[in-house]
Amino acid sequence: MLSEKLGFSAYCLLIATALVVSACGGTATPAALTQPPATIAPATMAAPVVLPTATLTVSPTPVEIFSWWVGPGEADGLAAMVKLFIHEYPQYTIVNAAVAGGGGTNAQAVLATRLAAGDPPDSWQAHAGQETIGTYVAGNEVKPLDGFFASTGFGKAIPTTLLPLISKEGHPYSVPVDIHRSNVMWYNPKVLAAAKVTIPFGGFSNWNDFFAACDKIKATGKVCLSLGPEGFTVMHLFENVMIGTMGAAKWNGLWTSPPSTQWTGADVKAGIANFRKALSYTNTDAMTLSDWQPASKMVSDGNAAFNIMGDWAEVYFANPAPNGLALKPQIDFDWTPTPGTQGIFVFLSDSFVLPIGNKNPNGTMAWLSLAASKAGQEAFNPLKGSICARTDCNPALFSEYSQEAMKDWATDSVVGSLTHGVVANNNWKAAIDTALKLYLTDPSETDQFQAALAAACKSAGTCR
Ligand code: GAL
């Protein structure tokens, strides 16, 4: 890669036509940040959307950006980043190759097919952790970014927790743009009040207390815990129940090689028992919902009390229409850690990669520069419900929820999400997902489910 050989400063000079200095390590561009985000029409697999660009004398060259940020609560942040990109890099246009489907289930399948066919997008969304390192780096599909991290100063700006998760043998391989939290339980204060349910200060300390609250909610005729379809929402619930049952240290122990927490042991068994019970309080139509948003909306509509979802749900609730519901925090919706996870921050981070064999490597470097920059992250994260993957963003730009998340990120025990790519590579996650799908057909089959989880660990090669 040209820029890797030359170092990124030289690369910036080489592609300097109309480049704005900020993305190559200078200051932010405040004017761009004050403008409303551009709207990206929902993209589909069949019809990628080409966004408008500034007027140029030569045609801008396309940079194809692949993600799953299409729907409500997802698209606003991407639109803001794209808008800033085309302002700062008018020599490029963005081809938004997003594939709809929360959690990336559909997108990752499409991406895998494209990579197998030798047709990588110019950059794609990849979770920090094993999804990047154990999947795309292991598959020799992306290039290291040492020069970029050094010359832009991004290597010093990203939180120390994140750097090892996007690195292999000391080489960084992707550019994290956000930090999201998985263990958030959203609730409707009015539904709780009607059922005379009060959340203990700091949250439910265990699942049994939560189930007792669910019994009261159920008695009022409401769903206690709304759930979306299989795809990622079920695994998202599963990881939260497991962590809330066994705690941070034992959860981490499931993913070490060899595991220090036994997949066949009592902790996993207890987690599965709580998961089974949690499922019994969910809506019967979960599997027919289109994605995570309708399940979260059951809470804000007052049809359900609680929904466990990452903090992209916050901006779905609070962002203005058409992508958000324009609701008021603490009045129309509120949040608490998922049961048993006080003091734990279950994290995930979206990042972008530099593929091997893509069409527009210079355009990719420009996109990565924007994604890494303070200006890019301050444009993206407040609209995405996430916090910056840099330590120098201005907290005043963020919602009350996100300001709390920033404090918790700094003080809590940080553990990695399974559903969102941190602790297991795509193959291991797929094996767990298959076990989950089978389990859902008969939740009484807890032993069979635990055996399937243990087998998935064996196939992953860490359980002997
Ligand atoms: C996660 C992703 C988030 C959000 C969410 C729902 O995997 O990291 O940024 O998009 O899926 O789709």
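Numbering of residues begins at 1 and proceeds along the displayed sequence. Every value quoted in this text rests on a predicted model; they were computed, and no experiment measured them.
For His420 and Phe232, the distance between ring centers is under 6.0 angstrom. The aromatic ring centroids of Trp263 and Trp255 lie less than 6.0 Å from each other. Two rings, from Phe210 and Phe306, have their centers less than 6.0 Å apart. Between His180 and Trp409, a ring centre-to-centre spacing not shorter than 6.0 Å is recorded.
Ionic pairing of Asp392 and Lys374 is not present here: no N-O contact between side-chain nitrogen and carboxylate oxygen is shorter than 4.0 angstrom. Between Lys269 and Asp447, at least one side-chain N (NZ, or NE/NH1/NH2) sits under 4.0 Å from a carboxylate O, which counts as a salt bridge. For the pair Asp412 and Arg181, the salt-bridge criterion is met [side-chain N within less than 4.0 Å of a carboxylate O]. With salt bridges taken as basic N to acidic carboxylate O contacts below 4.0 Å, none links Lys429 and Asp433. Salt bridge absent: Arg114 and Glu141 never bring a charged side-chain N and a carboxylate O closer than 4.0 Å.
Note that OG1 of Thr288 and CG of Asp285 are 4.5 Å apart. Values are rounded to the nearest 0.5 Å. In this structure, the separation between CG on Asn283 and CG on Asn303 is 10.0 Å, given to the nearest 0.5 Å. Distance check, rounded to the nearest 0.5 Å: CE of Met298 to CG of Leu225 gives 9.5 Å. Here the straight-line distance linking atom OG1 of Thr338 with atom CG of Asn307 works out to 12.0 Å at 0.5 Å rounding.
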query = Can Phe449 and Phe238 be said to form a ring pair (Phe, Tyr, Trp, His ring centres under 6.0 Å), step by step?
reply = CA-CA 12 Å; Phe449 180 41; Phe238 176 64; 5.4 Å; yes

task = Would you please test Phe317 and Trp312 for ring pair (Phe, Tyr, Trp, His ring centres under 6.0 Å) and show each step?
result = CA-CA 9 Å; Phe317 290 136; Trp312 43 91; over 10 Å; no

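In this structure a side-chain-to-backbone donor-acceptor pair under 3.5 Å is missing from Ser417 to Ser182.
Ring orientation note: the planes of Trp207 and Phe211 are tilted relative to one another, at an angle of 30° to 60°. Using bins of under 30°, 30° to 60° and over 60° for the plane-to-plane angle, the ring pair His171/Tyr173 lands in the perpendicular bin.
Using a 4.5 Å heavy-atom threshold, the side chains of Lys328 and Phe333 count as separate. In this structure, the side chains of Trp68 and Gln108 come closer than 4.5 Å at one or more pairs of heavy atoms. Looking only at side-chain heavy atoms (C-beta outward), Thr391 and Ile158 stay at 4.5 Å or farther from each other.
Environment of NZ in Lys156: sparse, with no more than 12 heavy atoms of neighbouring residues, nucleotides or ligands closer than 6.0 Å.
Partners of Trp367 by ring-ring contact (aromatic ring centres under 6.0 Å, His included), not counting sequence neighbours, listed by chain and number: Phe85, Phe352.
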